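We count ligands from 1, going down the list as the structure has it; atoms in each ligand are counted the same way. Remember, it's a predicted structure, so these values are computed and weren't measured experimentally.
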Amino acid sequence: MKTNRAIKQGISRRSFISAGAAATWMLGQPGIATAGRKCNGTVIVVGAGPAGMAAAHLLKQNGVDFQVLEAAPSVGGRIKHNLDFTDFPIPLGAEWVHGEPEILEEIVNDPAVEITTRLGSYEPGVKSAYFEDGVLEMYFDSAFQSDLKFIDSSWLQFFSRYILPGILDRITYNSQVMAIDYSGERIQVTDAAGTIRSADKVVVTAPIKILQRSDIDFIPALPESKTRVIENAKIWSGLKVFLEFDHQFYPTFLSFSDSETRDGQRLYYDAAYGQYTTKNILGLFAVGMQAERYQALSDKDLLQQILRELDEVFDGVATRSYLQHVVQNWNDDPYAGAAYLADVEDLSTSRVLSKSVDERVYFAGEAYTNFDDWGGVHAATRSAADAVNELLS
Ligand SMILES: Cc1cc2nc3c(=O)[nH]c(=O)nc-3n(C[C@H](O)[C@H](O)[C@H](O)COP(=O)(O)OP(=O)(O)OC[C@H]3O[C@@H](n4cnc5c(N)ncnc54)[C@H](O)[C@@H]3O)c2cc1C
């Protein structure tokens, strides 16, 4: 039986690097490393996605005066979800918990808090399929064996419940940071409305694409070693589509010869797997070149293309049972601009991106990690812990 070896290799690399990252991070766990340290000044956190919220939460736990400036009218960034499409939260960006479920406890960083968020795993031997040259081959295995899914919840609901209440009053929404001037004694942060706020330290969690597009003006310019890496960083485009059908004709995972390549990834999957629902929701996840092929199409052509692809695999059933769909094109999101730092990037890239500047400007987020893992929420929040830890030292 043919299995999709490429996908498996990709996922096992992810599992391997996650395990390495966990070991690195424990050394920098704020509860341990920050004992006896403090920061007397004020801190501005730029962005309220997972990294920004995790950083703000840790600053609060350590008694630091901080505020968060968020460009969008709400928190979440690339973990945002859709609650209107069906009867469980649709994760428009991050969906799986890669690696260990302990990451939720790590983010909360308080053993007194009982976390009731439910995570589910894939049953061993779930129904998967591989389609190539007109032939559909079924196999019973999952490339996502070590990944977990939120049950009737999402990354955003987890943050909203356990992190957001403690930092809510410090967040200013619709405040897109345009300039960070760290030339003087105090750092001046200017947003799109022209409001200038000052702080002693800044934690930048805006996505790497935002820096690559120079949407934030650093004064003085960031060191050349860092700007070079920002300019050259390979950032994958990203798109997710969720389709509702009147019955389930597809397996848990459907992959193709281009499901895992150096240029990107593409996978159809049962998005309702493990949920308390009778709805039939199929997800399409595409990043890199694979996403760009879909993004080049108009809304109407995109749906036609997807139905055509599925009809080819399932003998026309897709078009006959289609009910509705929703598209999230991350390249069109003004404050993300892309999916995330490519899986195939060099180990050194995220390390350079994570380096603080002038002991006052810190970087945290999925692309700014000083360990051998990037791209995921766990990496973003661990990098936030590292940045806060360094800031407090
Ligand atoms: C299609 C897709 C699927 C994914 N699937 C998974 C998955 O299954 N599991 C997983 O772990 N991860 C997944 N990820 C990655 C995950 O979403 C990211 O790792 C995570 O959201 C990164 O968090 P962050 O805080 O670094 O950035 P973000 O979530 O992007 O948050 C950054 C915040 O900064 C704000 N911002 C931007 N510019 C400015 C500015 N100038 N001023 C102020 N605020 C600003 C943004 O509005 C945003 O709120 C996926 C991502 C995509 C796109």
Exercise. Could you find the nearest protein heavy atom to atom 31 (O) of ligand 1 and give me its residue, atom name and distance?
Key: Gly49 CA, 3.3 Å

Quiz prompt | Passing option when Ile281 is tested against Asp87, Leu243, Val326, Ile90 for side-chain contact (heavy atoms from CB on, under 4.5 Å) | solution = Ile90

Exercise. Quick one: look at Lys240 and ligand 1, take heavy-atom pairs under 4.0 Å, and tell me if it's side chain, backbone, both or neither.
Key: side chain

Quiz item: Under a 4.0 Å heavy-atom limit, does Ser175 contact ligand 1 with its side chain, its backbone, both, or neither?
Solution: backbone

Quiz prompt | Numbering as shown, the atoms of ligand 1 that approach Val46 to under 4.0 Å (heavy-atom distance) | solution = 42 (N), 43 (C)

Self-check item: Which residue and heavy atom of the protein sit nearest atom 32 (C) of ligand 1, plus the separation
Solution: Thr205 O, 3.5 Å

Quiz prompt | Salt bridge Asp372-Arg351, side-chain N to carboxylate O under 4.0 Å | solution = yes

Quiz item: What residue and heavy atom of the protein are closest to atom 42 (N) of ligand 1, and at what distance?
Solution: Val177 N, 2.8 Å

Quiz item: Ion pair present between Lys240 and Glu95, side-chain N to carboxylate O less than 4.0 angstrom?
Solution: yes

Practice problem: State plainly whether the residues Glu292 and Arg266 are in salt-bridge range, i.e. N to O under 4.0 Å. | Solution: no

Quiz item: Ile306, Phe249: one ILVMFWY side-chain cluster at the under-4.5 Å cut-off?
Solution: yes

Quiz item: How close does the nearest protein non-hydrogen atom get to atom 9 (N) of ligand 1, and which residue and atom is it?
Solution: Trp96 O, 2.8 Å

Quiz item: Are side-chain N/O atoms of Ser354 and Asn370 paired as donor and acceptor at under 3.5 Å?
Solution: no

Quiz item: For atom 34 (O) of ligand 1, which candidate among Gly47, Pro91, Ala54, Ala367 holds the nearest heavy atom?
Solution: Gly47

Quiz item: Can you tell me the protein heavy atom closest to atom 29 (O) of ligand 1 and the distance?
Solution: Arg78 N, 2.8 Å

Quiz item: Which residue from Ala94, Gly76, Ala55 reaches closest to atom 14 (N) of ligand 1 through any of its heavy atoms?
Solution: Ala94

Self-check item: Per atom 24 (P) of ligand 1, closest listed option by heavy atom (Pro73, Ala71, Pro50, Ala48)
Solution: Pro50

Quiz item: Mind checking whether Leu92 has an N or O less than 3.5 Å away from an N or O of ligand 1?
Solution: no

Quiz prompt | Arg308 bridged to Glu312 by N-O distance under 4.0 Å | solution = no

Exercise. Scan side-chain atoms only and decide if Glu244 and Tyr322 contain a donor-acceptor pair under the 3.5 Å cut-off.
Key: no

Quiz item: Among protein heavy atoms, which sits nearest to atom 15 (C) of ligand 1, and what does the distance come to when rounded to 0.1 Å?
Solution: Gly375 O, 3.0 Å

Quiz item: Looking at Ile79, which atoms of ligand 1 are within less than 4.0 Å of one of its heavy atoms?
Solution: 21 (O)

Quiz item: Heavy atom under 4.0 Å from ligand 1: found in Asp215's side chain, backbone, both, or neither?
Solution: neither

Quiz prompt | CG on Leu104 to CD1 on Ile163, rounded to 0.5 Å | solution = 9.5 Å

Quiz item: Do Val377 and ligand 1 have an N or O pair less than 3.5 Å apart?
Solution: yes

Exercise. Any atoms of ligand 1 less than 4.0 Å from a non-hydrogen atom of Tyr335? List them with their elements.
Key: 37 (C), 46 (C), 47 (O)

Quiz item: Can you check whether Glu95 has an N/O within less than 3.5 Å of an N/O in ligand 1?
Solution: yes

Practice problem: Look at Asp315 together with Arg320 and state whether they make a salt bridge at an N to O cut-off of under 4.0 Å. | Solution: no

Quiz item: With backbone taken as N, CA, C and O and side chain as the heavy atoms from C-beta onward, which portion of Trp330 lies under 4.0 Å from ligand 1: side chain, backbone, both, or neither?
Solution: side chain

Practice problem: Please determine, by modelled atom types, if Asp110 and Gln61 share a side-chain donor-acceptor pair under 3.5 angstrom. | Solution: no

Quiz item: In terms of side-chain geometry, is the basic nitrogen of Asp65 or Arg170 positioned less than 4.0 Å from the acidic oxygen of its partner?
Solution: yes

Self-check item: Salt-bridge contact Asp333-Lys80 (side-chain N to carboxylate O under 4.0 Å)
Solution: yes

Self-check item: Selection from His378, Gln265, His98, Glu366 by shortest heavy-atom distance to atom 22 (C) of ligand 1
Solution: Glu366

Exercise. Tell me, please: is Ala336 in heavy-atom contact with ligand 1, that is, under 4.0 Å?
Key: no

Practice problem: Please work out which of Trp374, Tyr368, Tyr340 has its closest non-hydrogen atom nearest to atom 51 (C) of ligand 1. | Solution: Tyr340

Exercise. Could you find the nearest protein heavy atom to atom 3 (C) of ligand 1 and give me its residue, atom name and distance?
Key: Gly93 O, 3.4 Å

Quiz item: Are Ala339 and ligand 1 in contact, using a heavy-atom cut-off of under 4.0 Å?
Solution: yes

Self-check item: Salt-bridge criterion met for Asp200 and Arg186 (N-O under 4.0 Å)
Solution: yes

Exercise. Do me a favour and list the nearest non-hydrogen protein atom to atom 35 (C) of ligand 1 with residue, atom name and distance?
Key: Glu70 OE1, 3.4 Å

